[in-house]
Number of protein chains: 2
Amino acid sequence: MKNLSDRQQRILDFIRAYLDENGYPPSFREIGGNVGLKSPSSVDHQLKRLREMGYLQYEEGHFRSITLTDQEREVLPPQGMVPLVGNVAAGAPILAEEHVEEYIPFDAGPHPEDYFALRVRGESMLGAGILPDDLVIVRRQPEAYNGEIVVALFEDEATVKTLSRKNGEVWLLPENPDYEPIDGRACRILGKVVGLVRRY
Amino acid sequence: MKNLSDRQQRILDFIRAYLDENGYPPSFREIGGNVGLKSPSSVDHQLKRLREMGYLQYEEGHFRSITLTDQEREVLPPQGMVPLVGNVAAGAPILAEEHVEEYIPFDAGPHPEDYFALRVRGESMLGAGILPDDLVIVRRQPEAYNGEIVVALFEDEATVKTLSRKNGEVWLLPENPDYEPIDGRACRILGKVVGLVRRY
DNA sequence: GGAAAAGTCAAACATATGTTCTAAAAAAGT
DNA sequence: ACTTTTTTAGAACATATGTTTGACTTTTCC
């Protein structure tokens, strides 16, 4: 998708806000007044452009007939939803193939795009109350503090473990005596586990 | 609410359908043409009436500014949300005072009114991966099968336990050797635990 | 630097659209 | 039957709104 100019972006934003507030579309002059265009013909020009690019529609000769294209009107990531993108090992690492299976209801705050969910495989985190088939909600971040539960990439495979930082060493600890710690220097942290959803 | 005339009902229906299809409101003449009114003033008359009765709104001097009143377009219970109504013991029973603290995102299916959430107190269900401060999602039902996790009312206080039915006996089993089973005959089952949400 | 393209403005314009007014028709109440 | 209220129509009206045109400015490109 081509880049939008600053003004075009403001026009789209304004139309969306206006629709949201009033329930019907703004007039050309209302748009102009709010994005700094003093002539309706200038607005017309920009709207024609936006229409060509598929961002919106409006019928000639109809007043206040602007509608945003689905792509634009849609609440991009459904509110309070987090995408479930695959599996993550809590025992032997399993390949984390990334494709959205479904959306999990979870309040992800003001930046939902930083969140995703993974289904847990294996029993290495039993001691932390994380069971097989649980869904862990993860916030993308490259680092974490000692003691936090993280999702880490280890040789192309994802695992959930407790992060341990001590004496300059980094370890990924399972919460189950049957499993062995993993050397943290060999892996990259994908994010921190901020939530868990279980469905019986 | 006063009864609507046949024509008024048709006008409301038409506006709703038009909004649904076009994303913006119809003009007076479009309304008239579709409900059998030949003069815009007739439409104006009926719309004024409908506005007085609170069915819709529109601004004077604005074209195509009709909006249906909330009552007409509202979605009643917040979608995918379950009310958090209090605490439930997983150790010593705690009084389950019922007042809605907040709404927890959870896909409760077609009958969300049968679901509620409780915050877990105590550690009696550690073995089942249910930790203190976890939120259990409960579906109201008076009975449950052997092995299911239930919320039960025991002397005016709620607890989460695993239901055991054997040899005609009914027990509520903790999933922690430090706690004692409860006699199931002395309590009433509030519902079955169908989900769990944890926030770190 | 000059040409081409894109963006903007101002003014005049055409018309879609709500408004007003008066009157006729229909319905309701007496 | 008569009055009153409600509903509708038609025409003229005022204006909000999209459209067109031409010129001017800014940006982009070679």
Side-chain angles (χ1 to χ4, degrees), chain A residues 1-69 72, chain B residues 1-69 72:
Chain A
M1 185 69 62
K2 198 171 156 188
N3 260 356
L4 290 174
S5 75
D6 193 45
R7 175 153 277 151
Q8 290 168 333
Q9 190 59 60
R10 284 183 62 195
I11 292 178
L12 282 180
D13 289 345
F14 172 70
I15 294 175
R16 198 162 330 157
Y18 193 103
L19 274 173
D20 206 43
E21 179 168 359
N22 301 288
Y24 55 90
S27 69
F28 284 20
R29 284 172 179 81
E30 284 172 324
I31 296 174
N34 272 275
V35 302
L37 287 174
K38 291 168 189 164
S39 170
S41 64
S42 308
V43 178
D44 185 47
H45 179 71
Q46 293 290 13
L47 287 182
K48 277 203 174 67
R49 188 96 349 144
L50 286 168
R51 182 170 59 180
E52 284 168 12
M53 291 192 279
Y55 283 96
L56 46 77
Q57 284 299 321
Y58 63 96
E59 289 183 44
E60 316 272 328
H62 268 197
F63 298 163
R64 293 179 183 272
S65 68
I66 299 173
T67 54
L68 295 178
T69 308
E72 284 296 318
Chain B
M1 184 70 61
K2 197 172 159 187
N3 261 357
L4 292 174
S5 76
D6 193 45
R7 174 153 276 151
Q8 290 169 333
Q9 191 59 59
R10 284 183 62 195
I11 292 178
L12 281 180
D13 290 344
F14 172 71
I15 294 175
R16 198 163 330 159
Y18 192 103
L19 273 172
D20 207 42
E21 177 168 1
N22 301 289
Y24 55 90
S27 70
F28 284 22
R29 284 171 179 81
E30 284 172 323
I31 296 173
N34 272 275
V35 302
L37 287 174
K38 291 167 189 166
S39 170
S41 65
S42 308
V43 178
D44 184 48
H45 178 73
Q46 292 291 12
L47 287 182
K48 277 203 175 69
R49 189 97 347 146
L50 285 168
R51 183 171 58 179
E52 284 168 11
M53 291 191 279
Y55 283 96
L56 46 79
Q57 283 300 317
Y58 63 97
E59 291 185 41
E60 316 272 327
H62 269 200
F63 297 162
R64 293 179 181 272
S65 68
I66 300 173
T67 54
L68 295 178
T69 306
E72 286 295 316

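Quick caveat, the model's predicted, so the values are computed rather than measured. Convention: sequence-line order gives letters A, B, ...; per-chain numbering from 1.
One atom, CD of Gln8(A), and another, P of dA6(C), lie 12 Å apart when rounded to the nearest Å. At whole-Å resolution of the value, CZ in Phe28(A) and P in dT15(C) are 17 Å apart. The CG atom of Leu47(A) sits 10 Å away from the C1' atom of dG18(D) (whole-angstrom rounding). With rounding to whole Å, Ile11(B) atom CD1 is found 10 Å from dT7(D) atom P. Rounded to whole angstrom, the span from the OH atom of Tyr24(A) across to the C1' atom of dT17(C) amounts to 14 Å. Atom CG in Asp44(A) sits roughly 8 Å away from atom P in dT20(D) (whole-Å rounding). Atom NZ in Lys38(B) sits about 17 Å away from atom P in dA24(C), given to the nearest Å. As a whole-Å value, the separation of Arg49(B) CZ from dT6(D) C1' is 7 Å.
Counting heavy atoms from C-beta on, the side chains of Tyr24(B) and Thr67(A) come closer than 4.5 Å. Side-chain contact between Leu12(B) and Leu68(B) is present, with heavy atoms from C-beta onward closer than 4.5 Å. Looking at Leu50(B) and Ile15(B), their side chains never come closer than 4.5 Å, going by heavy atoms from C-beta outward.
Picking from dG18(D), dG18(C), dT20(D) the nucleotide with the shortest atom distance to the side chain of Arg29(A) gives dG18(D). The side chain of Ser27(A) lies closest to dG18(D) when the candidates are dG18(D), dA9(D), dA10(C). Residue His62(A) has its side chain nearest to dT17(C) when only dC9(C), dT17(C), dT19(C) are considered. Of the candidate nucleotides dA9(D), dT19(D), dT19(C), dA9(D) has the atom nearest to the side chain of Leu37(B). Comparing atom distances between the Phe63(B) side chain and each of dA10(C), dT19(C), dT17(C) picks out dT17(C) as nearest. Set against dT20(D), dG18(D), dT17(C), the side chain of Arg64(B) has dT17(C) as its closest nucleotide. Listed nucleotides: dG10(D), dT7(D), dG18(D). Nearest to the side chain of Gln46(B): dT7(D). The side chain of His45(B) approaches dT7(D) more closely than any other nucleotide in the set dT7(D), dA9(D), dA10(C). Among dG10(D), dT19(C), dT19(D), the nucleotide with an atom closest to any side-chain atom of Ser41(B) is dG10(D).
For dG10(D), its base sits under 3.5 Å from the side chain of Ser39(B) at one donor and acceptor pair at least.
Side-chain atoms of Asn34(B) and Glu30(B) include no donor-acceptor pair closer than 3.5 Å.
Ring-plane geometry between Phe28(A) and Tyr58(A) is classed as perpendicular, the angle between the planes exceeding 60 degrees on a 0 to 90 degree scale with a lower cut at 30.
Between dC9(C) and Ser42(A), a contact under 4.0 Å exists linking OP1 or OP2 to a side-chain N or O.
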